[in-house]
Amino acid sequence: MDYFELMGFGAGGWGPLMLKAAGMTVSIAVAGFTVGIFFGIIGAALKLSRDPVAMTIAETYTTIFRGIPELLIIYLFYFGGSLAFSNFLHLFGYQGFFSIPSFVIGSIAIGTVSGAYQTEVYRSAFLAIDRGQIEAARACGMKGFLILRRIIAPQVLRIALPGLGNVWQSALKETTLLSVTGLVELLRQASVGAGSTREPFAFYLTAGAIFLVITSISGWGFEKMEKHFSRSVRK
Amino acid sequence: MDLTFLKTTTISLLSSVPLTVSLVAISLACGLVLAIILTTARMLGPAPIVWFVKSYIFVFRGTPLLVQIFLIYYGLGQFEAVRGSVFWVVLREPFWCASLALMLNTAAYTTEIIRGGIQAVPSGQIEAARACGMSNLTLVRRILAPIALRQALPIYGSEVILMIKATSLASVITILEVTGVAHKIISASYRPVEVFMCAGAIYLSLNFLVTRAVSAFEKKLNKHLSHT
């Protein structure tokens, strides 16, 4: 069978399965990145709070999750998550083992790591805002939340976008590590195909090529977004 | 918390540290040499070579490292021509496959780091060196390389940390470095939290040592800038 028949959409072709797995890769990356936005905003808020306890918590979080290999973190969540949740359910009289779906575990693991990197991105973006703008907003009589919504958030978003683009690319590539948990994303699907056809080169090459397409498209998307959000900035 | 378990786990994890360190050292050393060659080719080479280096960087930065490892370890072994060649001595060993993938991967990132460092050298410095009559080689040795090194060092430091973390992927192709051993202990004992703590502490200490070494080196390079 030649390469195009193997990866095609005809009888015996692996095209549909590979595309479906690519969809899984993108959706788990999106889910993880979204969890990361949540953690990142909380982390940045804690780091900027000037409260020693909050700062220590956030500092510990970013040090651990940026310094320890993602694979180890995924093992922790994969093996530890279901165990902890089952123990938690035992408190309410539930017997037996509850295993959390690997999609949920995966997005939380990716999100925790991504959140640690996003914390730094949001924090430095916030610090890059001109203090005078916040003072001016106060002078105009704006209250805390209004300043956040009208002055801080739009500018943090604009300044953070290039950094967020990098974090997104790493989250996307980290999803391959979830293949060790049995989640059928692109690499896992490629391994299954490689095992059953004895054509590993073709399958991993295809997986790599699909990743290149996804990373290129998202790189282009981030570039467009950067342009869109900096349209008001003087060149 | 079971202290004897923590102790035995830490001991068996520590015994796998040399493997992690040698993976990092080999791939960083070879990756740096390759990156210097690629940077030179990219900045001075003819158009087709520049195009080749650019696509190399694009491919290795745009695809996950695990895919690259699998492609080298499982993918290349599929071909009779590779199995019959002299390279098979290297490519049949998971350790060398992992080192090769890590090296090719870090070379792509390092090339960009070095290029950034070189581009940050003020053009006035180069003009001044030329005005003094320096030859190209002297200019690189005395002006370009030292300044570029100072610019690139902090970013290269974080690349080293990324590489330390990246060696954990070698465990997926049966190499028992720190993460591989950790995974084995977790599957046998089903105590993920304790094992994670021990293995995590090892990685964090490695990172700490690297950060310290890089900032000490940085200080040494920037000695002339400090006025205290």
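Just the heavy atoms: all of them, side chains too, but no hydrogens, waters or symmetry mates, feed the values below. Every chain is numbered from 1, with letters handed out A, B, ... down the list of sequences.
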Assess whether atom CZ of A/F38 is packed by more than 12 heavy atoms of other residues, nucleotides or ligands within 6.0 Å. no

Salt bridge (charged side-chain N to carboxylate O under 4.0 Å, His left out) partners of residues 71-80 of chain A, not counting sequence neighbours, each pair once: none

Suppose the criterion is salt bridge (charged side-chain N to carboxylate O under 4.0 Å, His left out): which pairs have a residue in residues 90-112 of chain A, not counting sequence neighbours? none

What part of [X] gets within 4.5 angstrom of chain B, counting heavy atoms only: side chain, backbone, both, or neither?
X      : answer
A/L83  : side chain
A/A84  : neither
A/L72  : both
A/L177 : both

Non-hydrogen atoms of chain A under 4.5 Å away: do they reach the side chain of [X], the backbone, both or neither?
X      : answer
B/V178 : neither
B/L162 : side chain
B/I186 : side chain
B/F208 : neither
B/A199 : both

Report yes if the side chains of A/L187 and B/P64 come closer than 4.5 Å at any heavy-atom pair, otherwise no. no

Just wondering, do A/F79 and B/V195 contact through their side chains at under 4.5 Å, heavy atoms? no

Quick one: donor-acceptor pairs between chain B and chain A, under 3.5 Å, side chains and backbone, table format.
{"residue": "B/R61", "atom": "O", "partner": "A/K173", "partner atom": "NZ", "Å": "2.6"}
{"residue": "B/G62", "atom": "O", "partner": "A/T215", "partner atom": "OG1", "Å": "3.2"}
{"residue": "B/Q78", "atom": "OE1", "partner": "A/F201", "partner atom": "N", "Å": "2.7"}
{"residue": "B/Q78", "atom": "NE2", "partner": "A/E199", "partner atom": "OE1", "Å": "2.7"}
{"residue": "B/Y109", "atom": "OH", "partner": "A/K173", "partner atom": "NZ", "Å": "2.9"}
{"residue": "B/K165", "atom": "NZ", "partner": "A/R66", "partner atom": "O", "Å": "2.9"}
{"residue": "B/K165", "atom": "NZ", "partner": "A/E70", "partner atom": "OE2", "Å": "3.1"}
{"residue": "B/K165", "atom": "NZ", "partner": "A/Y117", "partner atom": "OH", "Å": "2.8"}
{"residue": "B/N207", "atom": "ND2", "partner": "A/G67", "partner atom": "O", "Å": "2.7"}

Under the rule for side-chain contact (heavy atoms from CB on, under 4.5 Å), what residues qualify as partners of A/A128, not counting sequence neighbours? A/I159

Out of B/V67, B/I202, B/L206, B/L71, return the one with the most heavy atom pairs under 4.5 angstrom to chain A. B/L71

Among B/V172, B/I161, B/L169, residue most engaged with chain A (heavy-atom pairs, under 4.5 Å): B/L169

Looking only at heavy atoms and a cut-off of under 4.5 Å, which of A/L71, A/V180, A/L205 has the most pairs with chain B? A/L71

Just how far is it from atom CZ of A/F201 to atom CG of B/L76, taken to the nearest 0.5 Å? 6.0 Å

